[in-house]
Colleague: 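Dropping a structure here in structure tokens format, bear with me for questions.
Numbers for residues simply follow the sequence, beginning at 1. Indexing begins at 1, ligand by ligand and atom by atom, following the structure's order. Quick note: numbers below take in every heavy atom, side chains included, and nothing from hydrogens, waters or symmetry partners.
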Amino acid sequence: MKRYLITLALACSLACTPKSSTPVYLDPSQPIEARVNDALGRMTLEEKVAMTHAQSKFSSAGVPRLGIPELWHTDGPHGIRPEVLWDDWDQAGWTNDSCTAFPALINLAATWNRDMALLYGDCIGAEARYREKDILLGPGINICRTPLGGRTFEYMGEDPYLAGQLVAPYVKGVQQNGVAACVKHFAVNNQEMRRTSTNSIVDDRTLYEIYLPAFKAAVQEGGAWAVMGSYNLYNGQFNCHNHRLLCDILKDEWNFDGVVISDWGGCRDDDEPITNGLDIEMGTWTNGLRGAASNSYDNYHLARPYLERLKDGRATEEELDGKVRRILRTVFRTSMSPEPHFGSFTSPEHFQAAREIAADGIVLLKNDGVLPLKLHEGARLLVVGENAYKMMVVGGGSSNLKTKYESIPLDALQEAFDGHCEVVWERGYVGDTTTDYNKVVTGQDLSESRSAAQLMADALEQARMAEVVLYIGGLNKSAYQDNESTDRLDITLPYGQDALIEALAQVAGKLVVVNISGSPVAMPWASRINAIVQAWYGGSEAGHALADVLTGAVNPSGKLPFTMPLALADGPLKTERQYPGIKPEGETWWQEYYDEGVFVGYRWYDTQDIPVQFPFGHGLSYTTFDLKDARVRKAGDGFRVSATLTNTGSVAGAQVVQLYVADPEASVARPAKELKGFQKVYLKPGESRQLSFTLDKQALSFFDADAHAWVAEPGDFQALLGFSSADIRAVVSFTLASK
Ligand code: BGC
């Protein structure tokens, strides 16, 4: 806001100067391209180069002489990062930067709800604008290729269609606040282990069918104004200056007209970034201003070395202008946009939105009727597990947040049952006792003096006296769990939790397990538990959202955005060359071969007919649904699939009807089914609704790498309608005729 006023003031003062009119670039009524051209024409070479690299940890330069503001970048996908020092990751120590923490993106993905994605984007965009940030470093949409991926919690699951459908409204929501969404991390960045030294080797069909569609949707449907390159290499070239990804695909094929930003430290070369599509270099590991003899930001690849190349003819000003145009476009879309935006921060509406989104994505995996909890007056509810108490907003890497307030499950349950029954907590195990990350502190004390055996004994003793035992455990955001820069080591629950759950199952009258995690975990005890709930890192309102679902205030309607396998070994990544990669003699980088091709997640399990713990798209409700009258008919160039959904139970609730397509006779190996449509439908008891889905030719196509084109082969197809990838309620066949 301040910067906007300064710019307006400058516009006015220039406008009031005798014989001069308002310069085009300062005139908000002029088209953006005219403003860009005008500003560019007034800039010196040095001013242009200054815009192409960082000037602090999270900002890049503007043109002070012309009143063009700097660009302020901020993490991240789940909330607005607290201020750090100008030139360091350390906290700046502000007292007015505690944000609303929204649920992790995997929680949003589990809502399967486009409206929630728009709401999320709109709220976080408003928070960013209030904090005078121009570029929000998110959302992240890399596909969950392995359950071990450390950042699965920050992404939107294993299916490109689902991720694409949710990322587009998120981006729109952010950008309607005059803040650019920076979609990350482009591309084929599917593991944290050795993330800066691994070359992803992916065939074109797999690239186009699995790893690119969500990015394409973000750009073409969401209209994203910024994209961040990833740390890894593809085709032997670093992705922050990868010619094929950034120039050929993003900018040429998709007509992306926004700005490409490097991941922090992802720019690795002097030459390549100039010609290979990078527009702004951020976070390179120079020491900035601190302790350096000169301003080290001048040493960035796109700083002095770039200027030297321009001056001695090794780089062209035309190419530089291309970058600066994109940067100026970003400025005119954000801080200098014609429509002033003011944003809002930590408003009650934002906390309410966080609570609704978190609850909408909680997944009821199993229920024998124990949920929603209906306890007798004066009964005892025993809550066991560290995650009932541990605050989860702090931690995890760059999505670490300082929130104004965090609701924890234990408090929320005590609130919900206050005056009705007794809620008692036993920790049961000690997991991660850290209560700070990057010097953001939760203020909790998680120290524990009891031994592991004593903790278990105490929990078991209490369990015998409780009407219901509610276990709230899972993962957290410490290293080798749901965490940036490390991958998980396996998918079993840490800290001896499996043994504890098994022991509780022996003594508890009723046992409900709530797994809080951002990625799949093995549940070997699943058959011995009365109910299982998958909750996520729910942000500021995590506890309330969980209590809402457990008590029935909210009828669960979340669906798994990834497969929950029985064992890691069942998955498609069988060899070291697939994961985590190999380093053959003479190679500089680790080589990771995507040999499984398009068979990722349910595309693998369903095609191979491998049993899983819980399938992709699975999620129960406190009511029941019926799907009838499935039909398909030709509609224009494509097909229309319809069916009637009825709420056959006694409470209102939502079902996500999923449409998969199967192409049983293709000339290439295709997955048994692929998600091509979904609708989340809220119905009152007894209510019915007719649903209709359109399948265009794209939905029937595979990517033919030789022809570099999408191909829908004439012949028979099936449309499968259901409530998960395994719970198919209707199959209708249709034929695509040859032309
Ligand atoms: C992460 C990005 C993040 C950036 C800035 C990097 O390490 O990979 O996702 O936006 O840091 O904090």
Colleague: Please list, in number order, the atoms of ligand 1 under 4.0 Å from a heavy atom of Arg81.
Modeller: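 Heavy-atom distances to Arg81 below 4.0 Å select 12 (O).
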
Colleague: For Asp279, is there an ion pair with Arg329 - N to carboxylate O distance below 4.0 angstrom?
Modeller: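 Here Arg329 does not pair with Asp279 in a salt bridge, since their nearest N and O are not under 4.0 Å apart.
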
Colleague: Which of the atoms in ligand 1, numbered in the order shown and given with their element, are less than 4.0 Å from a heavy-atom of Arg151?
Modeller: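 Numbered from 1, ligand 1 contributes 1 (C), 2 (C), 8 (O), 9 (O).
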
Colleague: Less than 3.5 Å between some nitrogen or oxygen of Trp89 and one of ligand 1, yes or no?
Modeller: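 No, since none of the N or O atoms of Trp89 sits under 3.5 Å from an N or O of ligand 1.
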
Colleague: Contact between ligand 1 and His73 is defined here as a heavy atom of the residue under 4.0 Å from a ligand atom; is it met?
Modeller: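 In this structure, His73 fails to qualify as a contact of ligand 1 - no heavy atom is under 4.0 Å.
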
Colleague: To the closest 0.5 Å, what do you measure between CZ (Phe562) and CG (Asp159)?
Modeller: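 Phe562 atom CZ to Asp159 atom CG measures 13.5 Å (nearest 0.5 Å).
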
Colleague: Show which atoms of ligand 1 fall inside a sub-4.0 Å distance from at least one heavy-atom site of Met228.
Modeller: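 Matching atoms, with element in brackets: 10 (O).
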
Colleague: Looking at NZ of Lys184 and OG of Ser398, how far apart are the two atoms once the value is rounded to the nearest 0.5 Å?
Modeller: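 Here the rounded value is 4.5 Å.
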
Colleague: Looking at His185, which atoms of ligand 1 are within less than 4.0 Å of one of its heavy atoms?
Modeller: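 So the atoms of ligand 1 that pass are 2 (C), 8 (O), 9 (O).
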
Colleague: Can you tell which of Arg333, Arg325, Lys251 makes a salt bridge (charged side-chain N to carboxylate O under 4.0 Å, His left out) with Asp257?
Modeller: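 In the set Arg333, Arg325, Lys251, the residue that makes a salt bridge (charged side-chain N to carboxylate O under 4.0 Å, His left out) with Asp257 is Arg333.
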
Colleague: Between Glu596 and Arg145 (salt bridge meaning N to carboxylate O under 4.0 Å), is one present in this structure?
Modeller: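 A salt bridge links Glu596 with Arg145.
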
Colleague: Would you mind checking if Asp263 and Arg195 are paired as a salt bridge, meaning a charged N to carboxylate O distance below 4.0 Å?
Modeller: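 Here Arg195 does not pair with Asp263 in a salt bridge, since their nearest N and O are not under 4.0 Å apart.
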
Colleague: State yes or no: are the ring centers of Trp112 and Phe616 separated by less than 6.0 Å?
Modeller: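 Distance test on ring centres: under 6.0 Å, yes.
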
Colleague: Could you list the atoms of ligand 1 found under 4.0 angstrom from a heavy atom of Arg195?
Modeller: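 Once the distances to Arg195 are compared, the set is 7 (O), 8 (O).
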
Colleague: For the aromatic rings, using the six-membered ring if either is Trp, is the centroid distance between Trp89 and Phe58 under 6.0 Å?
Modeller: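 For Trp89 and Phe58, the ring centres are under 6.0 Å apart.
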
Colleague: Output the list of atoms in ligand 1 that are nearer than 4.0 Å to some heavy atom of Ser398, sorted by atom number.
Modeller: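 In order of number, 1 (C), 2 (C), 3 (C), 9 (O), 12 (O).
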
Colleague: May I ask which of Leu137, Asp75, Thr74 has a heavy atom nearer to atom 3 (C) of ligand 1 than the others do?
Modeller: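 Answer by nearest heavy atom: Asp75.
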
Colleague: Among Lys402, Lys133, Lys439, which one satisfies salt bridge (charged side-chain N to carboxylate O under 4.0 Å, His left out) with Glu83?
Modeller: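 The passing option is Lys133.
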
Colleague: Does Met282 have a heavy atom less than 4.0 Å from any atom of ligand 1?
Modeller: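 No; Met282 lies far enough from ligand 1 that no heavy-atom distance drops under 4.0 Å.
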
Colleague: If I apply the N/O under 3.5 Å rule, does Lys184 come out as touching ligand 1?
Modeller: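 Min N/O separation from ligand 1 is below 3.5 Å for Lys184.
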
Colleague: Looking only at heavy atoms of Glu154, does any of them come nearer than 4.0 Å to an atom of ligand 1?
Modeller: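 In this structure, Glu154 fails to qualify as a contact of ligand 1 - no heavy atom is under 4.0 Å.
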
Colleague: Among all protein heavy atoms in this structure, tell me which lies nearest to atom 2 (C) of ligand 1, with the distance rounded to 0.1 Å.
Modeller: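 Sorting protein heavy atoms by distance from atom 2 (C) of ligand 1 puts Asp263 OD1, 3.2 Å first.
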
